[in-house]
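Structure record follows, encoded as structure tokens.
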Amino acid sequence: MEVILLDIEGTTTPISFVHETLFPYVLSTLDEFLKAHWTDQELQFHIQALEEQARQDQPHYDAPQIISSDPDSTRKSLIDNIQWQMKLDRKTSALKGLQGYMWRFGYQSGQLQGVMFDDAVQAIKNWTQEGKRVYIYSSGSVEAQKLIFGYSDHGNLLQYISGHYDTKVGAKTSSDSYRKIAEDIKTKPENTLFISDNIREIEAANQAGMQVVVSVRPGNAPLPSHNFAESSDFTTIH
Ligand SMILES: CSCCC(=O)C(=O)COP(=O)(O)O
Ligand SMILES: [Mg+2]
């Protein structure tokens, strides 16, 4: 095995950090943040992506639409849409892009610090020392990934990470995404080990030919019955 591909939430990081710290940060600062950054080009880029997502969602879901009129109405409808997506824990690139952008300010100001399981950090260091390459594949945007590893409670870990993938490469439940990642990092799927807490992701990676291990962590959702290897201490994986 030459490459390790890691999920974040429920794998390197407790689900509680994402749901009790990162998501509430977005929800509690949203109105104020949108007002403060309204004219920033970067925010407008994320708003356009959210508008496009809302249009795509309209026929399928009861998605709050984003009104393009005066800034106050647009902002309020945006907040409704974001709250709706977050309540459903949707993994759309548009939502994840905005979250990553907002978290940047939280990490840079010291309000946020990424939480990592001790063994995950030790294993990442061991694997790189053994000459393995470590990549991340998370529904969180590439920016959000770099922030959580860059501003972690174990220091800046980015030096150990060879690259990042988010849902722009495809859904984590689609085996094509894992084939594309293997091709992009110039390895065979068989030479890659994917670790995640989500069985549907594990099945997709396995179908693509990757080796897989199911992450077992306190606070993770109960697992359906399966035949894959499990680990709650990644330092035992070589
Ligand atoms: C990159 S930290 C934010 C995590 C997040 O937003 C998320 O949806 C986690 O999904 P994962 O694929 O890492 O389980
Ligand atoms: Mg996960």
Side-chain angles (χ1 to χ4, degrees), residues 4-27 29-30 46 49-50 53 82-83 85-108 111-117 120-121 124 134-154 156-158 161 163-174 177-178 181 193-206 210 212-224 226 228 230-232 234:
I4 312 282
L5 183 62
L6 293 172
D7 166 64
I8 294 180
E9 182 189 317
T11 300
T12 63
T13 295
I15 289 183
S16 58
F17 173 65
V18 177
H19 286 260
E20 291 166 24
T21 300
L22 288 181
F23 289 172
Y25 176 89
V26 169
L27 292 170
T29 58
L30 192 53
H46 290 294
L50 287 159
Q53 183 63 50
I82 291 162
Q83 286 174 338
Q85 288 205 60
M86 288 186 67
K87 202 168 167 191
L88 297 177
D89 194 16
R90 298 194 75 216
K91 307 287 188 185
T92 63
S93 296
L95 174 65
K96 294 291 155 189
L98 178 80
Q99 288 174 339
Y101 170 54
M102 290 181 67
W103 290 330
R104 186 197 306 162
F105 296 87
Y107 283 108
Q108 286 178 346
Q111 277 176 277
L112 295 174
Q113 185 178 47
V115 176
M116 298 281 152
F117 289 112
V121 173
I124 287 170
V134 179
Y135 290 84
I136 307 297
Y137 182 27
S138 168
S139 304
S141 68
V142 166
E143 172 163 32
Q145 298 174 25
K146 288 182 175 168
L147 289 164
I148 199 170
F149 278 90
Y151 293 91
S152 96
D153 55 357
H154 289 68
N156 183 347
L157 302 171
L158 287 173
I161 310 297
H164 300 261
Y165 295 91
D166 60 21
T167 51
K168 291 203 176 111
V169 78
K172 292 181 78 186
T173 49
S174 161
S177 307
Y178 299 87
I181 291 173
L193 171 70
F194 176 60
I195 311 180
S196 171
D197 60 317
N198 184 313
I199 289 290
R200 289 180 61 218
E201 297 172 6
I202 289 285
E203 284 169 347
N206 186 242
M210 287 188 182
V212 291
V213 168
V214 180
S215 166
V216 176
R217 299 299 196 179
N220 280 8
L223 289 165
H226 68 88
F228 302 107
E230 294 186 354
S231 176
S232 52
F234 298 170

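Remember, it's 1-based here, ligands and their atoms both numbered in the order they're listed. We use all heavy atoms of the structure for the numbers below, so side chains are in, but hydrogens, waters and symmetry mates are not.
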Of all N, O or S atoms in Glu9, the one closest to the Mg ion (ligand 2) is O
Got the closest protein heavy atom to atom 9 (C) of ligand 1, with its distance? Glu9 OE1, 3.1 Å
Of the options Arg104, His164, Lys96, Gln99, which is the one that meets Glu143 in a side chain to side chain donor-acceptor pair (under 3.5 Å)? Arg104
Pair Asp89, Phe23 - check side-chain contact (heavy atoms from CB on, under 4.5 Å), show working. CA-CA 10 Å; Asp89 194 16; Phe23 289 172; 3.6 Å; yes
pair Thr21-Val115: side-chain heavy atoms closer than 4.5 Å: no
Under 4.0 Å, heavy atoms only, figure out whether ligand 1 is touched by the backbone of Phe17, its side chain, both or neither. neither
Is the charged tip of Arg217 near the ring of Phe234: under 6.0 Å from the six-membered ring centre and within 45° of its axis? yes
Closest approach of any protein heavy atom to atom 12 (O) of ligand 1, naming residue and atom: Lys172 NZ, 2.6 Å
Calculate the angle formed at the Mg ion (ligand 2) by OD2 in Asp7 and OD1 in Asp197; 10° precision is enough. 80°
Short list, please: which atoms of ligand 1 are under 4.0 Å from a heavy atom of Ser139? 8 (O), 10 (O), 11 (P), 12 (O)
What residue and heavy atom of the protein are closest to atom 1 (C) of ligand 1, and at what distance? Ile8 CD1, 3.6 Å
So Leu50 and Leu98, side-chain contact (heavy atoms from CB on, under 4.5 Å) or not? Walk me through it. CA-CA 9 Å; Leu50 287 159; Leu98 178 80; 4.2 Å; yes
Which word best sums up how the rings of Phe194 and Tyr137 line up, parallel for under 30°, tilted for 30 to 60°, or perpendicular for over 60°? tilted
Give yes or no for whether the N/O distance cutoff of 3.5 Å, strictly under, is met between Trp103 and ligand 1. no
Tell me which protein heavy atom sits closest to atom 2 (S) of ligand 1, plus the residue, atom name and distance to 0.1 Å. Ile148 CD1, 3.9 Å
Hey, does Ser138 come in under 3.5 Å of ligand 1, counting only N/O atoms on both sides? yes
With under 30° as parallel and over 60° as perpendicular, where do the rings of His226 and Phe228 fit, or are they tilted in between? parallel
Any side-chain heavy-atom pair from Asp7 and Asn198 closer than 4.5 angstrom? no
Shortest reach to atom 14 (O) of ligand 1 by a heavy atom, considering only Asp7, Asp197, Leu6: Asp7
Tell me the nearest of His164, Lys96, Glu143 to atom 5 (C) of ligand 1, using heavy-atom distances. Lys96
